[in-house]
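Here, residue 1 is the first one in the sequence, and each next residue gets the next number.
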Amino acid sequence: MSGPSPSSTPSDFDQFYAVTAKRLVAAVYAATGDLAEAEDAVQEAYARAWQRWDRLTAEGDPTPWVRTVALRLAVSSWRRARNRMRAHFRHGPPPDLPDLAPDRVALVHALRGLKPEQRTAVVLHHLLDLPIEQVARETGVSPGAVRTRLNRARKALGSHLADAEADADTEAPTPTPAPHQPVCHPKEVPSHG
């Protein structure tokens, strides 16, 4: 495996990485629901981009290529790990990360319930703000198929998030106040002295 040719500068790649990596990890995490898996897939995608850096930059913006590779790696890894995950889920879901807000936890949980192609369409279009035509090019389907996936995903997410909100409301009932109890004071006894 060789790196880029002498005409590429490491600082170009470093700058590209610094500007794009965090957002790409967030997108792949949203698509997979597994932060460690997302980080691994993104790291591998950038390693592959480094090996092809001259060609990628000559073709234009390397971001779509890196994003497509990262998502494909994550999905491929997810498929290989499906049986392991099923066994893991038999013992209950993993604990929520303590530093995530409840609405983000609910969103990630809802995204996990989508079909992989719907989840990818939602992440690319809504989280990364890519136009439908670009989502279609990156996923290899027609714009109409992307619209259909987005429509079905929105319905499923809306239903799931509404159910989660209803469950949250019923889990934390409002405590009923205790009845007012009279306060008993010891009788004052006059002192005779």
Distance alone, cut at 3.5 Å: any donor-acceptor contact between the side chains of T32 and D34? no
At their closest point, which heavy atom of Q134 faces which heavy atom of P64, and how far apart are they? NE2-CG, 3.7 Å
Salt bridge (Lys or Arg N to Asp or Glu O under 4.0 Å) pairs touching residues 137-151, sequence neighbours excluded, are R67-E138, E133-R147
At what distance, to the nearest 0.5 angstrom, does CG of L114 lie from CG of L157? 4.5 Å
When rounded to the nearest 0.5 angstrom, what is the spacing between OG1 in T139 and CZ in R72? 9.0 Å
Can you give me the closest heavy-atom contact between A30 and R119, atom names plus distance? O-CD, 3.7 Å
Take Y29 and V42 through the test side chain to side chain contact (heavy atoms under 4.5 Å, CB included) and record every step on the way to the result. CA-CA 10 Å; Y29 171 58; V42 169; over 6 Å; no
Distance col, row W65:CH2 vs T57:OG1, nearest 0.5 angstrom, shows 12.0 Å
E37 side, atom CD; L73 side, atom CG - distance, nearest 0.5 Å: 9.5 Å
I'd like to know if the side chain of Y46 reaches the main chain of A21, judged simply by a donor and an acceptor atom lying under 3.5 Å from each other, with no hydrogens or angles considered. yes
Indicate the atoms forming the closest heavy-atom contact of A49 with V66, along with that distance. CB-CG2, 3.7 Å
Is the count of non-hydrogen atoms from other residues, nucleotides or ligands lying under 6.0 Å from Q15 atom CD greater than 12? no
Residues 121-131 side chain polar contacts: donor-acceptor under 3.5 Å, at least two apart:
residue	atom	partner	partner atom	Å
H125	ND1	L130	O	2.8
H126	NE2	R154	NE	3.2
H126	NE2	R154	NH2	3.3

Take the angle between the ring planes of F13 and Y17 and call it parallel below 30°, perpendicular above 60°, tilted in between. parallel
Once rounded to the nearest 0.5 Å, what's the spacing between atom CZ of F16 and atom CH2 of W50? 12.5 Å
What are the two closest heavy atoms between A41 and A70, and how far apart are they? CB-O, 3.4 Å
Before giving the answer on side chain to side chain contact (heavy atoms under 4.5 Å, CB included), spell out for L150 and I132 the whole-Å C-alpha distance, their side-chain angles and the decisive distance to 0.1 Å. CA-CA 9 Å; L150 289 171; I132 288 176; 4.2 Å; yes
Going from CG on L71 to CG on L24, what distance comes out if it is rounded to the nearest 0.5 angstrom? 7.0 Å
